[in-house]
K.L.:
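Once you've had a glance at the structure underneath, I'll fire off some questions.
Just so it is clear: chains get the letters A, B, ... in the order the sequence lines come, proteins before strands, and each one is counted from 1. The figures here come from the full heavy-atom set of this structure, side chains too, leaving out hydrogens, waters and symmetry mates. In this text, all values refer to a predicted model and were calculated from it rather than measured experimentally.
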There are 2 protein chains.
Amino acid sequence: MTTAESGITGRSTYRHGDLRRALIEAGVELARDGGPSAVVLREATRRAGVSPNAAYRHFTDRQDLLDEVCGACQSFVALAIEAEQAKITDVPDPLEQAHQVLRAVGVGYLHFALAEPGLFQTAFSASPDMEEATNEERAGESGLTPFQLLTKAIDGVEAAGGIPPERRPGAEFLAWSAVHGLAILLIDGPLRGIDTELRDSLIQRVISMVEQGL
Amino acid sequence: MTTAESGITGRSTYRHGDLRRALIEAGVELARDGGPSAVVLREATRRAGVSPNAAYRHFTDRQDLLDEVCGACQSFVALAIEAEQAKITDVPDPLEQAHQVLRAVGVGYLHFALAEPGLFQTAFSASPDMEEATNEERAGESGLTPFQLLTKAIDGVEAAGGIPPERRPGAEFLAWSAVHGLAILLIDGPLRGIDTELRDSLIQRVISMVEQGL
DNA sequence: AAGGTTATGTATACGTTGTACACATAACAG
DNA sequence: CTGTTATGTGTACAACGTATACATAACCTT
């Protein structure tokens with residue numbers, strides 16, 4: 001209706017139309033190759049076809065923009081986890097089912113980290129609060145953030161009797177630690193560029209370690 | 001002998017005397033509060049009482065300086081681990097002894113991360129290669145880097161029969177993943193500022209998870 | 001001891017960044 | 001139709017990394 005809705009990126013009018021979203025999307029592309037430090041305010045405005053200071057009408061400063069980009073990246077991680085969980089076919093044993101849901105969290109998480117290292121690093125760079133109750137910007141289809149998906153999966157394992165209740169508190173942190181640590185090792189640690197076969201084997205072993213150690 | 005050796009920081013002569021080391025030390029202090037991104041070349045030269053471009057006689061660029069600072073930080077981690085290992089009193093059971101050595105790696109690592117988050121983050125920020133054969137700059141008293149100390153500790157556990165040999169390869173990566181992941185959670189993840197008691201409990205549980213899961 | 005070579009510092013300059021402040025424009029409300 | 005306000009631009013500044021040219025003094029050779 002309004003003149004701003006002309007093209008894919010509003011540009012016929014002097015008002016951008018959806019600059020906030022455009023800047024976040026530009027930021028995401030910058031993060032994709034280059035990680036969080038590549039999310040440069042001026043470059044984002046350049047890509048949005050707008051003057052540098054226009055960004056300050058939508059974000060208080062660069063960090064504020066980066067936080068939004070970070071939120072978008074977290075939602076991508078959530079989507080990757082959900083996609084992995086969607087692959088699961090029903091199995092009779094509820095405990096086995098719950099374990100598969102949990103494993104899907106780790107596998108989806110790690111696959112995303114390897115496929116999109118820049119976005120992954122951005123998702124968890126100085127994240128204000130990884131859990132941050134139900135922030136829709138950081139969630140996937142299910143409306144849950146990556147951390148909430150993990151928590152839910154562990155709840156499922158506990159419900160199926162896979163974890164003694166006295167060891168349930170904090171279990172998500174143990175699981176997250178192991179999987180996230182491996183992600184970092186694989187992305188820019190000494191395991192960077194490792195053989196695919198070895199890599200997948202390590203992924204499986206970390207997840208097994210978590211299952212056993214919970 | 002030479003005029004440069006006058007004071008703690010050589011400054012009587014126009015030649016600094018030990019500018020390279022001075023810049024690295026300044027960089028370490030910057031990293032201490034502020035992490036890797038706070039290691040700013042101009043500020044380091046300022047603190048060394050020297051013009052900005054003087055740094056380029058000793059480092060090819062800012063990244064090169066940061067790499068050296070990173071190496072220094074890794075050696076601090078190694079020292080923290082060694083200090084923790086030094087606390088161990090001899091026990092009769094060799095397997096128990098080996099486990100204690102391994103646990104000291106994790107405890108020393110995590111305590112250092114909590115005590116000096118800026119240095120810790122710098123130590124493992126874009127580290128070129130965490131293992132990097134016997135780089136003395138990155139080592140502690142023993143001449144071993146943090147990763148080498150971990151590897152040695154796991155070797156000890158295997159020798160004492162704590163790990164089936166077929167699961168030995170790559171075991172150090174599993175251990176490192178879990179401990180490093182927890183460090184990140186505690187430093188700037190959702191576990192930041194957690195209660196001390198809860199924190200120490202999580203540390204113990206992560207280490208137990210590693211021991212069990214290896 | 002003298003003088004050339006070289007290591008190590010300084011001076012100046014440029015492009016890039018984040019961001020403050022003043023101003024301009026057009027969408028919208030009355 | 002006109003004033004308010006949301007959203008853009010223009011200009012400016014300090015800080016950063018770093019390239020290039022130049023200066024100084026430590027050193028090595030004679």
Side-chain angles (χ1 to χ4, degrees), chain A residues 1-7 9-27 29-31 33-70 122 125-126, chain B residues 1-7 9-27 29-31 33-70 122 125-126:
Chain A
M1 214 71 85
T2 70
T3 57
E5 299 177 8
S6 57
T9 70
R11 59 180 176 281
S12 74
T13 171
Y14 116 113
R15 289 286 172 87
H16 183 286
D18 201 1
L19 182 53
R20 182 185 169 82
R21 194 167 312 272
L23 288 174
I24 294 176
E25 281 171 13
E29 290 319 305
L30 290 171
D33 35 76
S37 71
V39 179
V40 165
L41 189 144
R42 286 181 100 108
E43 177 62 20
T45 61
R46 223 171 278 136
R47 296 193 179 192
V50 98
S51 106
N53 285 354
Y56 289 87
R57 298 297 171 187
H58 302 276
F59 307 95
T60 72
D61 56 8
R62 182 201 112 106
Q63 185 59 49
D64 190 26
L65 168 59
L66 183 54
D67 285 350
E68 295 304 313
V69 173
C70 162
T122 305
S125 76
Chain B
M1 214 69 87
T2 69
T3 58
E5 299 177 7
S6 58
T9 70
R11 59 180 178 281
S12 74
T13 171
Y14 116 113
R15 289 285 172 86
H16 183 287
D18 201 1
L19 183 53
R20 180 184 170 84
R21 192 166 314 273
L23 288 174
I24 294 176
E25 281 171 13
E29 291 318 306
L30 290 171
D33 34 74
S37 70
V39 179
V40 165
L41 189 143
R42 286 180 101 109
E43 176 62 20
T45 61
R46 222 170 280 136
R47 297 191 178 192
V50 99
S51 105
N53 285 357
Y56 289 87
R57 297 298 170 188
H58 302 276
F59 307 95
T60 71
D61 55 9
R62 183 202 111 107
Q63 185 58 50
D64 190 25
L65 168 59
L66 183 53
D67 285 349
E68 295 305 313
V69 173
C70 162
T122 305
S125 75

K.L.:
Considering only side-chain heavy atoms of B:L19, which listed nucleotide, C:dT19, D:dT18, C:dG9, is closest?
P.N.:
C:dG9

K.L.:
Is it true that, when you exclude B:R20 itself, more than 12 heavy atoms of the residues, nucleotides or ligands shown sit nearer than 6.0 Å to its CZ?
P.N.:
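Yes, enclosed.
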
K.L.:
Could you give the distance from CD (A:E68) to CD (A:E25), rounded to the nearest 0.5 Å?
P.N.:
13.0 Å

K.L.:
Can you find a donor-acceptor N/O pair under 3.5 angstrom joining the side chain of A:R42 to the base of C:dG18?
P.N.:
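Looking at the base of C:dG18, it does pair with a donor or acceptor on the side chain of A:R42 (distance under 3.5 Å).
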
K.L.:
Once you round it to whole Å, what is the distance between P of C:dT19 and CZ of A:F59?
P.N.:
13 Å

K.L.:
State, to the nearest 10°, the angle formed by the axis through the first five base pairs of the helix from C:dA1-D:dT30 to C:dG30-D:dC1 and the axis through its last five.
P.N.:
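Roughly 0° between the end axes, to the nearest 10°.
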
K.L.:
Under 4.5 Å between any side-chain heavy atoms of B:Y56 and B:D64, yes or no?
P.N.:
no

K.L.:
Send over the distance from A:L23 CG to D:dT7 C1', rounded to a whole Å.
P.N.:
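Those two atoms, CG and C1', are 12 Å apart.
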
K.L.:
Measure from CG on A:D18 to C1' on D:dT7 and round the result to the nearest Å.
P.N.:
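The answer, rounded to whole Å, is 13 Å.
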
K.L.:
Give a yes/no answer on whether the side chain of B:R46 brings an N or O atom under 4.0 Å of OP1 or OP2 in D:dC16.
P.N.:
yes

K.L.:
Name the residue closer to the 5' end of DNA chain D, choosing between B:E43 and A:G49 according to the nucleotide with the nearest heavy atom.
P.N.:
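The residue closer to the strand's 5' end, by nearest nucleotide, is A:G49.
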
K.L.:
How many angstroms lie between atom CG of B:L23 and atom CG of B:L41, to the nearest 0.5 angstrom?
P.N.:
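With rounding to 0.5 Å, CG (B:L23) is 7.5 Å from CG (B:L41).
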
K.L.:
State which of D:dG17, C:dG9, C:dT19 makes the closest approach to the side chain of A:P52.
P.N.:
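Closest nucleotide among those given: C:dT19.
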
K.L.:
Side chain of A:V50, heavy atoms from C-beta onward: which of D:dT9, D:dG17, D:dA21 has the nearest atom to it?
P.N.:
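The answer is D:dT9, which lies nearest to the side chain.
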
K.L.:
From C:dT10, C:dT17, C:dA13, pick the nucleotide closest to the side chain of A:V40?
P.N.:
C:dT17

K.L.:
Test of understanding: with side-chain contact (heavy atoms from CB on, under 4.5 Å), list the residues that count as partners of A:E29, not counting sequence neighbours.
P.N.:
A:R32, A:R47

K.L.:
Could you tell me which residues satisfy side chain to side chain donor-acceptor pair (under 3.5 Å) with B:R46, sequence neighbours excluded, listed by chain and number?
P.N.:
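B:R46 satisfies side chain to side chain donor-acceptor pair (under 3.5 Å) with B:E43 only.
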
K.L.:
Rounded to the nearest angstrom, tell me the gap between atom OH in A:Y56 and atom P in C:dT17.
P.N.:
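Going from OH in A:Y56 over to P in C:dT17 covers 12 Å.
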
K.L.:
Grab the CZ-P distance between B:R47 and D:dC16 for me, whole Å please.
P.N.:
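The answer, rounded to whole Å, is 11 Å.
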
K.L.:
Short question: side chain of A:R42, backbone of A:P52 - any donor-acceptor pair under 3.5 Å?
P.N.:
no

K.L.:
When you measure from the side chain of A:N53, which nucleotide among C:dG9, C:dG18, C:dC21 comes out closest?
P.N.:
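Of the options given, the side chain of A:N53 lies nearest C:dC21.
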
K.L.:
Take the protein atom CZ of A:R62 and the nucleotide atom P of C:dT16, then report the distance between them rounded to whole Å.
P.N.:
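That distance rounds to 18 Å.
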
K.L.:
Would you say a side-chain N or O of B:H58 is under 4.0 Å from OP1 or OP2 of C:dA7?
P.N.:
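So the side chain of B:H58 is outside the cut-off, no N or O lying under 4.0 Å from OP1 or OP2 of C:dA7.
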
K.L.:
Find the distance B:L65:CG to D:dT18:C1' and express it as a whole number of Å.
P.N.:
14 Å

K.L.:
So which one's nearest nucleotide on DNA chain D is more toward 5', B:R57 or B:Q63?
P.N.:
B:Q63

K.L.:
So A:T122 and A:L66, do their side chains get closer than 4.5 Å, heavy atoms only?
P.N.:
yes

K.L.:
In whole angstroms, how far is the C1' atom of C:dT17 from the CG atom of A:L30?
P.N.:
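It is 14 Å, rounded to the nearest whole Å.
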
